[in-house]
Amino acid sequence: MMSPIEVSVLTKAAPSASSASVQVDNFAVLIDNSKSINHLHQIHAALLRRGLHHHPILNFKLQRSYSSLGLLHHTVTLFHRTPAPNVFLWSSIINAHSHSALWDCALSYYAQMLAHHVQPNAFTLSSLLKGCTLQPTTVVHSHAVKFGLSSDLYVSTSLVDAYARGGDVVSAQKLFDAMPERSLVSLTAMLTCYVKHGMLREARLLFEGMGVKDVVCWNVMIDGYAQHGCPNEALVLFREMLGKKVRPNEITVLAVLSSCGQLGALECGRWVHSYVENSGVGVGVRVNLRVGTALVDMYCKCGSLEDARKVFDGMVGKDVVAWNSFIMGYGIHGFGDEALQLFHEMLRVGVRPSDITFVAVLTACAHAGLVGKGWEVFDLMKSRYEMEPKVEHYGCMVNLLGRAGRVREAYDLVRSMEVEPDSILWGTLLWACRIHNDISLGEEIAEFLVSNDLATSGTCILLSNMYAAARNWVGVAKVRSFMKESGVEKEPGCSSIEVNNRVHEFLAGDIRHRRSKDIYSMLGKMNGWLKARGYTPKIDLVLHDIGEQQKEQSLEVHSEKLALAFGLISTSPGTAIKIVKNLRVCLDCHAVMKMMSKISGRKIIMRDRNRFHHFENGSCSCRDYW
DNA sequence: GTAGGGTTAG
């Protein structure tokens with residue numbers, strides 16, 4: 001419905017007694033308030049009837065409104081019909097293209113503007129910088145200096161942002177340090193720069209020094225932690241944000257859910273879920289697709305497929321990302337058939353799979369040992385969807401074949417593929433060699449890795465474990481000295497467990513925990529129970545060249561065992577214990593978890609780097625392959 | 001009459 005003023009402005013045939021400037025003002029208001037394309041077309045028609053379309057302000061506003069409604073081509077047409085556009089119109093057309101991610105066009109309009117001898121102002125440059133890569137940024141920077149705009153707050157903020165995006169932290173820092181004044185936005189631009197480059201200490205220092213903090217800078221800091229392997233810090237900061245009464249938005253929620261997923265913090269994830277539903281953040285008519293997908297992912301990673309299913313079934317208009325998360329969820333839990341079923345359902349409803357879909361389906365096949373199905377899907381990817389398999393897809397196939405004991409076949413596949421193998425793929429193949437005791441192939445691969453400078457701590461330790469299992473101590477010593485010489489360090493194993501909404505982290509031999517004494521006393525009891533049932537520690541897994549007794553002790557304090565001991569003393573009898581480990585679970589710990597699930601009568605659900613293990617009554621859902 | 005910082009599955 002049109003308002004009375006609109007009716008009068010749009011329908012009056014001739015200007016009334018009111019002055020022309022009042023009419024222009026009225027049109028300006030109408031354009032600014034127009035919310036639909038139709039509406040804007042009506043106003044545009046009225047302007048044409050009155051010959052007002054060349055009025056500089058109305059023409060400008062019309063162009064801006066068309067582009068903000070997504071009709072860039074209308075804006076472009078009007079722009080090209082404007083004789084001698086002024087700096088406002090040039091800035092606006094540049095901004096319109098920047099907003100549509102048409103960076104090259106924006107740059108080309110800028111070049112044309114200069115060719116027409118129109119001098120840019122601060123608005124022009126900040127619009128232009130939005131999408132500049134490093135090379136044009138340096139050029140625009142020099143223009144800013146030339147036109148005396150380099151100390152403008154908006155221009156310098158945009159420059160900091162542009163250098164940061166281009167990866168030139170030094171220039172970004174230099175500009176930032178030289179800024180005569182800084183706004184919240186410029187501080188956030190620098191904060192983003194630090195975070196993007198993993199400089200979390202610098203970021204935190206800057207963040208703490210910021211007097212006023214809005215939701216954007218909280219998001220940058222929280223997401224920074226979430227994306228750089230510090231999900232616990234992200235959650236702590238999120239709680240602090242709530243305490244400061246800053247209202248989170250959808251972006252906050254996405255970062256926090258990702259953190260919960262990484263930590264396997266189910267209680268915390270559930271809390272965020274109910275927060276989402278009660279606060280209306282990220283909720284349209286129902287939970288929106290992105291938040292929904294993040295919830296599905298979180299629930300899968302926290303071990304609750306039931307909750308993931310509930311969210312997934314309630315989502316409308318599921319896209320490929322949503323399907324992928326759930327397929328992957330089933331996969332890492334070892335439910336291959338369910339993952340395949342989901343995949344076929346997705347194809348049936350007409351969603352086109354992406355390359356990540358195939359990673360998810362093949363991962364699921366690998367974890368469930370579905371060799372035939374895996375090959376079918378791998379072929380389908382090439383034949384029906386005409387996708388070239390990437391190294392990740394080959395990695396899945398190697399995992400699949402390796403698990404099935406077809407290590408040589410896996411090796412042949414690697415040698416026949418056209419893409420360059422990466423260290424993850426080599427690690428997968430080595431893992432298969434280790435599981436199936438193919439030492440000669442393992443050595444061959446390891447030598448290749450060492451001579452090509454591809455050896456990582458993971459591959460070195462696998463090889464050392466293989467030698468140790470074969471009682472080849474010379475081999476073990478060789479690997480050990482290689483690691484020492486080349487500075488390859490073992491990534492420390494870390495296990496975490498969520499109790500009472502807090503995540504507790506343990507490293508091997510950790511004594512920092514408040515209840516450390518109780519934990520070690522439980523550990524002692526566990527060892528008594530285990531030994532009474534005939535458990536012998538798998539000491540050949542220990543890398544170090546130390547005495548047998550010390551090897552036993554070093555195994556006993558593995559991080560996952562500490563987490564289990566803490567779980568046993570701090571949760572109610574009969575409840576499931578959920579542990580998350582950053583590396584793959586070690587063979588000895590896996591055996592201990594199996595036995596302890598029987599001894600304690602508890603379900604133990606452990607997520608390692610690779611997949612979920614559900615330990616129950618003495619056995620594991622992975623059927624001893626992982 | 002105009003502009004700058006945060007967004008996704010392995």
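Each chain gets a letter, A, B and so on, in the order the sequences are listed, and its residues count up from 1.
Salt-bridge formation is not detected for the pair A:E306/A:K310: no Lys NZ or Arg NE/NH1/NH2 atom is positioned less than 4.0 Å from an Asp or Glu carboxylate oxygen. Using a 4.0 Å cut-off between charged nitrogen and carboxylate oxygen, A:E388 and A:K382 do not count as a salt-bridge pair.
Here chain A contacts DNA chain B (any atom closer than 4.0 Å to a heavy atom, that is under 4.0 Å), and the contacts span B:dG1 to B:dG10 from 5' to 3'.
The residue A:V216 sits close to a base: some heavy atom pair falls under 4.0 Å. Residue contacts for A:N324: at a heavy-atom cut-off of 4.0 Å it reaches a base atom on one of the strands shown. Within the nucleic acid shown, A:N121 comes within 4.0 Å of at least one base atom, counting heavy atoms only. Residue-level contact check: A:L184 touches the bases, meaning some heavy atom is under 4.0 Å from a base atom. Counting any heavy atom pair closer than 4.0 Å across all strands shown, A:N610 reaches no nucleic acid atom. Note on A:K301: only backbone sugar-phosphate atoms sit closer than 4.0 angstrom, heavy atoms only; bases stay farther off.
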List the steps and the verdict of side-chain hydrogen bond (donor to acceptor under 3.5 Å, both in side chains) for A:T192 and A:D161.
CA-CA 8 Å; A:T192 309; A:D161 174 56; over 6 Å; no
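Taking the six-membered ring wherever Trp is involved, the centroid distance between the rings of A:Y163 and A:H141 falls below 6.0 Å. Between A:H273 and A:Y299, the ring center distance clears the sub-6.0 Å criterion. Taking the six-membered ring wherever Trp is involved, the centroid distance between the rings of A:Y66 and A:H44 falls below 6.0 Å. Note: A:Y109 and A:F79 meet the aromatic proximity criterion, with ring centroids under 6.0 Å apart. Ring centroid separation for the pair A:Y110 and A:H143 comes in under the 6.0 Å cut-off.
Heavy-atom distances under 4.0 Å link DNA chain B to A:L153, A:Y154, A:T157, A:S158, A:D161 of residues 153-164 of chain A, given in residue order.
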